[in-house]
Protein chains: 2
Amino acid sequence: MTPDEFRAAGGELIEWIAQYMETVESRRISPDVKPGEVMAGLPQEAPEEPEPFSAIVADLNDIIMPGVTHWQSPGWFAYFPANSSGPGILGDLVSSGLGQQGMLWATSPAATELEMLVVDWLVDLLGLPAGWKTAGPGGGVIQMSASDSTHTALVVARHRKRSVAAAADMVAYTSSQAHSSIEKGANVAGYGHVRLIAVDGEYAMRPGDLESAIATDRAAGLTPAFIGSAVGTTGTTAVDPVRGIGDIARREGVWHHVDAAYAGSAMICEEFRHHQDGLELVDSYTFNPHKWMFTNFDCNVFYVADREPLIDAMSITPPYLRNRVSDSGDVIDYRDWHVPLGRRFRALKLWFVLRSYGAAGIRHHIREHVRLARWLEARIAADDRLEIVAPTPFALVSFRHTAGNDATAALAEAINASGHSYITASLLDDVSFIRVSIGQTSTTERHVKRLWDLIAGEA
Amino acid sequence: MTPDEFRAAGGELIEWIAQYMETVESRRISPDVKPGEVMAGLPQEAPEEPEPFSAIVADLNDIIMPGVTHWQSPGWFAYFPANSSGPGILGDLVSSGLGQQGMLWATSPAATELEMLVVDWLVDLLGLPAGWKTAGPGGGVIQMSASDSTHTALVVARHRKRSVAAAADMVAYTSSQAHSSIEKGANVAGYGHVRLIAVDGEYAMRPGDLESAIATDRAAGLTPAFIGSAVGTTGTTAVDPVRGIGDIARREGVWHHVDAAYAGSAMICEEFRHHQDGLELVDSYTFNPHKWMFTNFDCNVFYVADREPLIDAMSITPPYLRNRVSDSGDVIDYRDWHVPLGRRFRALKLWFVLRSYGAAGIRHHIREHVRLARWLEARIAADDRLEIVAPTPFALVSFRHTAGNDATAALAEAINASGHSYITASLLDDVSFIRVSIGQTSTTERHVKRLWDLIAGEA
């Protein structure tokens with residue numbers, strides 16, 4: 001493809017995406033395809049000869065698009081958002097165009113330093129501890145997903161205790177409401193034990209139960225190595241008491257990781273920061289700009305309070321080859337901050353987003369999503385047929401039908417059958433409930449009202 | 001950013017990338033910036049108010065670009081290529097625009113099935129074992145990097161032996177010339193021991209030494225768990241004897257992983273496939289279309305001969321909740337194939353590339369790169385001042401100055417100081433050598449001849 005052919009095809013695809021933005025609202029969110037249908041619609045062998053670009057775009061429209069789930073629809077209320085934006089898409093485009101590989105500072109100084117800059121910006125924007133900036137002992141890095149960051153934290157915690165115990169005798173603690181990535185990460189990192197600590201009536205971890213579990217494990221000869229707190233659980237966005245858990249972690253000498261994958265973005269608004277009280281007691285922290293900060297997937301940020309143990313666990317460079325400027329903080333070689341070696345220039349899209357929206361713009365959108373969630377929560381609370389099952393600290397509303405699980409399941413199905421609104425049906429203990437996560441970039445009052453009319457009509 | 005603003009800004013950036021393609025050859029490959037310079041050129045705080053798109057593009061040009069290393073220059077001969085192309089960039093653009101999150105089949109049937117399709121295509125294109133297709137017991141998945149895939153293989157191998165030994169008593173084997181990701185991945189996965197097996201005169205692993213090492217470890221009560229072979233080492237693209245190592249692995253019941261990160265792409269040409277003889281004895285395999293298949297970073301492919309142990313190690317879904325259709329192969333939930341949960345629609349860019357080039361087009365470019373490498377190798381071999389230090393099975397030429405390490409280092413520096421050509425200086429035992437890796441998308445005879453003139457002039 002010559003530069004001129006790239007101009008033509010690129011122009012066509014920019015227009016294609018703009019039209020997708022304009023029409024996504026009118027598309028049925030969940031595709032009506034059977035397993036195997038997309039694959040069967042395409043040639044089972046790669047073409048021997050080059051195909052014209054028009055043939056690819058035709059198949060994109062005719063075969064791929066009918067199999068796409070419209071995460072970018074304003075009626076998307078399922079899971080957590082994976083919200084995207086024009087600036088995010090375009091920052092990513094520049095990243096693809098430049099084709100940087102930022103494994104070392106030297107292999108792309110700009111990629112490394114812009115990443116340092118934007119993760120530093122976020123420390124200020126989100127009210128995180130100042131020591132997490134790259135000029136301090138800690139620092140941030142962009143990874144692919146919160147699962148990667150949590151796994152990394154688990155590995156560092158295990159590595160730190162390696163002279164004390166075998167991994168099979170180490171224990172990771174998190175609440176019964178924590179994201180599955182903690183249990184998965186612990187398995188992947190080889191922990192022998194994962195304890196799911198009980199939660200209180202608002203689904204937050206009970207620190208007393210954590211203390212007891214640690215004591216029991218110590219008595220049994222096991223080694224507590226990792227505690228994962230959640231600021232915003234996946235089920236209901238419950239907030240664990242970070243300070244209380246942090247005190248225990250410090251006293252016990254256990255690594256304390258905070259998963260704020262979804263709710264971290266909200267901390268750009270000061271009124272939510274009480275939910276992260278105690279972060280100065282935390283060893284690592286992760287959140288996803290690709291969930292609720294208008295930066296398209298993948299963009300996860302991982303912070304450590306002290307980068308020394310991270311680099312110690314991840315670097316394969318023997319001590320006598322250690323890069324002095326790297327250790328000093330003058331230069332960061334991000335390959336030593338995570339499992340992969342190669343790395344894309346992901347900071348660009350975050351930089352594009354932060355500058356295009358400005359902090360005020362992001363605050364405005366997040367507050368609007370929270371306002372809409374509280375509006376919906378109030379409607380549901382006022383309806384006798386429905387019941388709120390958990391608090392709404394951010395923009396996720398959790399509710400059920402008072403007639404029971406079958407009625408809740410039927411309501412969930414009816415909402416998703418609408419085609420224009422899409423939610424997730426979930427389970428708390430044995431109680432079915434519906435999660436309405438408000439955070440898509442283009443979601444406005446109109447879409448939430450339409451959802452409420454649908455709920456009220458179908459309930 | 002409205003759709004119309006996106007049209008305008010997107011059009012501008014497509015033009016910007018097209019101009020970058022047209023001008024990259026004239027740019028000094030390695031940027032002339034000091035540590036901290038890029039960061040210092042930018043505001044240390046995020047803007048409070050939105051900034052116009054023109055301000056971002058101005059900073060991109062004035063501050064970011066001077067800090068960029070031009071991996072896409074036709075004079076790029078360093079490391080391995082991270083070669084990119086118009087179709088790859090545009091496939092990635094569509095991925096960003098659609099904003100899919102393909103963790104489950106259901107969260108984007110098209111993302112899952114197009115991924116199944118392209119990894120299946122590659123089985124045929126590269127002459128890999130037919131059982132690695134998704135219709136067979138195995139299958140492929142796109143990950144971010146070969147380091148991720150190798151780490152995944154190490155975790156699966158460890159998991160398979162978990163009832164036999166603790167991770168700290170497990171051993172991973174690879175050659176002394178293998179990529180550092182094997183040692184790093186073993187550390188991350190918690191292996192207690194990594195053995196770097198000696199190589200022969202062509203830098204390929206000695207199977208006899210592997211056998212002895214395994215016997216010694218068994219005698220010491222350790223548990224051999226993982227063997228990593230390389231088809232194309234990073235240092236000199238040496239090829240380990242996959243069949244011989246595979247026989248040992250089978251006999252010993254040890255997981256056998258092949259790292260063909262760079263050279264895997266060459267297997268689209270039949271004349272290179274003798275280098276992968278024995279793949280039917282392999283448990284897992286990885287290669288990077290983002291190195292030498294014109295698909296911009298990140299795009300790594302990971303295959304397993306049997307997906308059961310992979311899913312067993314990676315899935316956190318308890319057996320009684322296992323998804324029957326997923327296990328049967330009718331539906332794949334790729335979240336169970338790797339550490340991260342979220343996943344981008346990466347198959348699009350590979351599909352765009354394979355269709356735009358066609359198999360014949362990719363073969364043509366790879367053969368041309370190999371031809372140019374052999375041409376350069378012949379020039380160097382015929383020059384008394386220079387010496388080839390390792391064979392050139394693919395498109396990497398490894399040579400030194402016969403006057404010794406200082407002369408080699410001076411030559412390397414002179415080449416890189418040219419600005420138009422860029423190579424990597426490396427070390428084999430204590431001998432300095434220069435790696436010339438020919439594989440950038442736009443590299444032609446003219447660029448390799450210019451490099452040769454430079455070498456001959458400076459030697």
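Heavy-atom basis, side chains included; hydrogens, waters and symmetry copies ignored. Everything numeric here is computed off the predicted structure, so don't read it as measured data. Residue numbering restarts at 1 for every chain, and letters A, B, ... go by the order of the sequence lines.
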Side-chain touch [X]/[Y], heavy atoms, less than 4.5 angstrom:
X	Y	value
H179(A)	L341(B)	yes
L60(A)	L348(B)	yes
L90(A)	M1(B)	yes
V94(A)	Y20(B)	no
S96(B)	L93(A)	no
F352(B)	V57(A)	no
T69(B)	W105(A)	no
D298(A)	R343(B)	no

Is [X] in contact with chain A via its backbone, its side chain, both, or neither, using a 4.5 Å heavy-atom distance?
X	result
N296(B)	side chain
E5(B)	neither
K34(B)	backbone

Highest number of heavy-atom pairs under 4.5 Å with chain B: which of [options]?
options	result
L354(A), V155(A), I64(A)	I64(A)
G86(A), S145(A), P47(A), G185(A)	P47(A)
P87(A), A166(A), S85(A)	P87(A)
G361(A), A189(A), S149(A)	A189(A)
A55(A), P3(A), A82(A)	P3(A)
Q100(A), E49(A), M21(A), E183(A)	Q100(A)

How far does [atom1] of [X] sit from [atom2] of [Y], to the nearest 0.5 angstrom?
X	Y	atom1	atom2	answer
R335(A)	S147(B)	CZ	OG	10.5 Å
E15(B)	F6(A)	CD	CZ	10.0 Å
I182(B)	I316(A)	CD1	CD1	11.5 Å

Applying ring pair (Phe, Tyr, Trp, His ring centres under 6.0 Å) to H151(A) and H338(B), what does each step give before you reach the verdict? CA-CA 12 Å; H151(A) 169 251; H338(B) 47 46; over 10 Å; no

Examine whether an atom of [X] lies under 4.5 Å from a heavy atom of chain B, and if so say whether it belongs to the side chain, the backbone or both; otherwise answer neither.
X	result
Q19(A)	both
R158(A)	side chain
F53(A)	side chain
D120(A)	side chain
M314(A)	both
F294(A)	neither
R363(A)	side chain
M170(A)	neither
A168(A)	neither
S181(A)	neither

State, to 0.1 Å, how close [X] and [Y] come at their nearest heavy-atom pair, and which atoms those are.
X	Y	result
W71(A)	M103(B)	CH2-CE, 4.1 Å
I89(B)	G97(A)	CD1-CA, 3.8 Å
A46(A)	L125(B)	CB-CD1, 3.7 Å
Q101(A)	F297(B)	CG-CD1, 4.5 Å
M144(A)	P340(B)	CE-CG, 3.4 Å
M39(B)	E113(A)	N-OE1, 2.9 Å

Has E45(B) got more than 12 heavy atoms of other residues, nucleotides or ligands less than 6.0 Å from its CD? no

Would you mind checking if R355(A) and D59(B) are paired as a salt bridge, meaning a charged N to carboxylate O distance below 4.0 Å? yes

Look at [options] and state which one has the largest set of heavy-atom pairs under 4.5 Å with chain A.
options	result
T107(B), T112(B), N300(B), V118(B)	T107(B)
A313(B), P43(B), P31(B)	P43(B)
I56(B), I63(B), D148(B)	I56(B)
D92(B), V188(B), D169(B), N288(B)	V188(B)

With side-chain contact (heavy atoms from CB on, under 4.5 Å) as the criterion, how do L98(A) and M65(B) come out once you've worked through the C-alpha distance, each side chain's angles and the decisive distance to 0.1 Å? CA-CA 9 Å; L98(A) 287 176; M65(B) 290 308 289; 3.7 Å; yes

Quick check against the 3.5 Å criterion: does Q72(B) have a side-chain atom that pairs as donor or acceptor with the backbone of G99(A)?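 Side chain of Q72(B) to backbone of G99(A): a pair is present.
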
Run L42(A) and L114(B) through side-chain contact (heavy atoms from CB on, under 4.5 Å) and show every step you take. CA-CA 9 Å; L42(A) 294 164; L114(B) 191 67; 3.6 Å; yes

